[in-house]
Amino acid sequence: MKTLFSVVIGLLICAHSVIAQTKLYSTPQTFNENGYSYQCTIGAGGGIITLGNKDNKYTSKSPTYVAGKERGAKYVCKGMSNVPISSEDIYSRRACFMTLKPIFTEEERERLRDENLYINMIISPQTGRVMEVYFQFDILSLYNTVPLSTYREIEVELMDKVCFIPSETGRMLDFILFHWTYHLADIIDD
């Protein structure tokens with residue numbers, strides 16, 4: 001009985017070690033891969049990972065008014081009256097979902113099915129083009145095991161294929177921050 005108990009404990013310790021080793025972004029660091037660099041930071045509470053291109057200028061910054069009567073003030077969403085993206089722009093949101101759908105392998109789709117990935121897009125208020133992308137996920141999330149090349153592919157695809165329609169409010173900002181929560185099950189079943 002003691003031998004069986006020891007074997008079970010040993011297997012649990014080994015399984016925990018294997019799982020712990022698969023976490024790719026558990027410490028703040030810079031990753032350099034295939035000509036691009038990504039910065040990984042961990043929030044003050046230690047629970048949220050932010051991963052983005054090291055060249056990003058707007059990661060974790062707030063948009064500021066550069067025109068109008070509120071010039072110089074930080075943008076604060078006050079409901080539907082001042083959203084920075086046109087409410088008529090349903091194509092761009094759909095394009096975001098469709099861009100992600102083919103990027104994940106079938107195995108990744110199944111493994112990440114119930115996880116949330118927070119994608120933050122920095123949008124040009126003049127053109128509506130995606131200028132920068134950064135990602136956020138919980139440190140315990142399985143998104144912590146996704147290779148950097150996948151995040152790079154998402155970034156490049158969103159920047160190449162998605163264009164939003166800035167609202168009047170959006171055109172008065174230095175940049176538009178569009179935060180989107182991707183739940184892979186919604187994308188797969190769509």
Side-chain angles (χ1 to χ4, degrees), residues 25 28-32 35-103 116-138 141 143 146 148 150-184 186-187 190:
Y25 314 106
Q29 60 185 307
T30 300
F31 297 90
N32 297 300
Y36 56 89
S37 297
Y38 269 62
Q39 186 69 44
C40 170
T41 59
I42 299 176
I48 300 295
I49 293 172
T50 299
L51 183 66
N53 195 310
K54 191 172 183 202
D55 294 332
N56 284 358
K57 296 187 314 187
Y58 299 106
T59 300
S60 301
K61 292 189 177 171
S62 298
T64 302
Y65 284 95
V66 293
K69 65 181 180 182
E70 296 184 38
R71 183 183 181 104
K74 296 282 184 210
Y75 166 75
V76 177
C77 185
K78 299 173 185 164
M80 294 307 289
S81 64
N82 76 334
V83 293
I85 302 293
S86 171
S87 61
E88 297 171 9
D89 187 3
I90 56 173
Y91 167 76
S92 298
R93 292 176 174 114
R94 177 97 175 128
C96 291
F97 275 117
M98 297 315 293
T99 298
L100 279 187
K101 193 171 186 176
I103 290 176
N116 287 326
L117 175 63
Y118 307 101
I119 299 180
N120 300 279
M121 291 174 272
I122 305 299
I123 301 165
S124 166
Q126 290 81 32
T127 66
R129 302 291 307 170
V130 177
M131 302 186 312
E132 297 178 3
V133 178
Y134 64 95
F135 308 91
Q136 293 178 309
F137 46 87
D138 188 86
S141 168
Y143 278 104
V146 172
L148 190 61
T150 301
Y151 290 110
R152 174 64 175 176
E153 186 176 358
I154 293 169
E155 175 191 25
V156 169
E157 290 291 308
L158 288 171
M159 291 173 71
D160 286 347
K161 296 184 177 173
V162 178
C163 186
F164 291 87
I165 301 170
S167 68
E168 185 178 331
T169 299
R171 288 189 294 274
M172 291 191 288
L173 302 173
D174 54 348
F175 67 92
I176 297 169
L177 173 60
F178 187 74
H179 173 85
W180 196 273
T181 303
Y182 285 92
H183 189 82
L184 201 51
D186 296 338
I187 298 169
D190 193 342

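All residue numbers refer to positions in the sequence shown, counting from 1.
- Side-chain contact annotation: Gln136 with Thr50, donor-acceptor N/O pair under 3.5 Å present.
- Between Arg129 and Lys161, the closest heavy-atom pair is NH2-N, 4.3 Å.
- With sequence neighbours excluded, no residue satisfies salt bridge (charged side-chain N to carboxylate O under 4.0 Å, His left out) with Glu153.
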Item to complete: Evaluate the criterion side chain to side chain contact (heavy atoms under 4.5 Å, CB included) for residue pair Ile122 and Asn120; output intermediate values, then yes/no.
Response: CA-CA 7 Å; Ile122 305 299; Asn120 300 279; 5.7 Å; no
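- Between Phe178 and the choices Tyr134, Phe164, Tyr58, the ring pair (Phe, Tyr, Trp, His ring centres under 6.0 Å) rule is met once, by Phe164.
- Contact annotation: the side chain of Met172 never approaches that of Val66 to less than 4.5 Å [non-hydrogen atoms, C-beta and beyond].
- Residues Pro166 and Arg171 approach most closely at O-NH1, 2.7 Å, considering heavy atoms.
- Taking all atoms of both residues into account, the shortest heavy-atom contact from Asn56 to Glu155 is OD1-OE2, 4.4 Å.
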Fill in: Derivation of the side chain to side chain contact (heavy atoms under 4.5 Å, CB included) call for Ile85 and Ile176
CA-CA 8 Å; Ile85 302 293; Ile176 297 169; 3.9 Å; yes
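- Using a 4.5 Å heavy-atom cutoff, the side chains of Leu51 and Tyr151 are in contact.
- A distance of 6.0 Å or more separates the ring centres of Phe137 and Tyr118.
- Considering only heavy atoms from C-beta on, Val133 stays 4.5 Å or farther from Asn53 through its side chain.
- One finds the OG atom of Ser92 at 9.5 Å from the CH2 atom of Trp180 (value rounded to the nearest 0.5 Å).
- Annotation: the span from Leu100 atom CG to Ile154 atom CD1 amounts to 5.0 Å, rounded to 0.5 Å.
- Between Cys96 and Leu158 there is a side-chain heavy-atom pair separated by less than 4.5 Å.
- No close placement of the Tyr38 and Phe31 rings is indicated, their centers lying 6.0 Å or farther apart.
- Summarising the geometry of Pro84 relative to Leu173, their closest heavy-atom pair is CB-CD1, 4.0 Å, with the distance given to 0.1 Å.
- Proximity of a side-chain donor or acceptor of Thr150 to a complementary backbone N or O of Val146 within less than 3.5 Å is not detected.
- Residues Tyr75 and Thr64 form no side-chain contact, since every pair of their non-hydrogen atoms from C-beta on lies 4.5 Å or further apart.
- Between atom CE of residue Met159 and atom OG1 of residue Thr99 there is a gap of 13.0 Å, rounded to the nearest 0.5 Å.
- Residues Ile123 and Gly128 come closest through the heavy atom pair CG2-O, 3.4 Å.
- A donor-acceptor contact shorter than 3.5 Å links the side chain of Tyr25 to the backbone of Leu148.
- Between the CE atom of Met98 and the CD atom of Glu157 there is a distance of 12.5 Å, given to the nearest 0.5 Å.
- The distance from the CD atom of Gln29 to the OG1 atom of Thr41 is 11.5 Å, given to the nearest 0.5 Å.
- No donor-acceptor distance shorter than 3.5 angstrom exists from the side chain of Asp174 to the backbone of Pro63, with no hydrogens or angles considered.
- No hydrogens or angles considered: nothing links the side chains of Thr181 and Asn116 as a donor-acceptor pair under 3.5 Å.
- Cation-pi geometry between Arg152 and Tyr36 is met: under 6.0 angstrom from the ring centre, within 45 degrees of the axis.
- A pairwise comparison of heavy atoms in Glu132 and Lys57 identifies OE2-N, 2.7 Å as the closest pair.
- Of the inter-residue distances, the one linking Met121 atom CE with Leu177 atom CG reads 9.5 Å to the nearest 0.5 angstrom.
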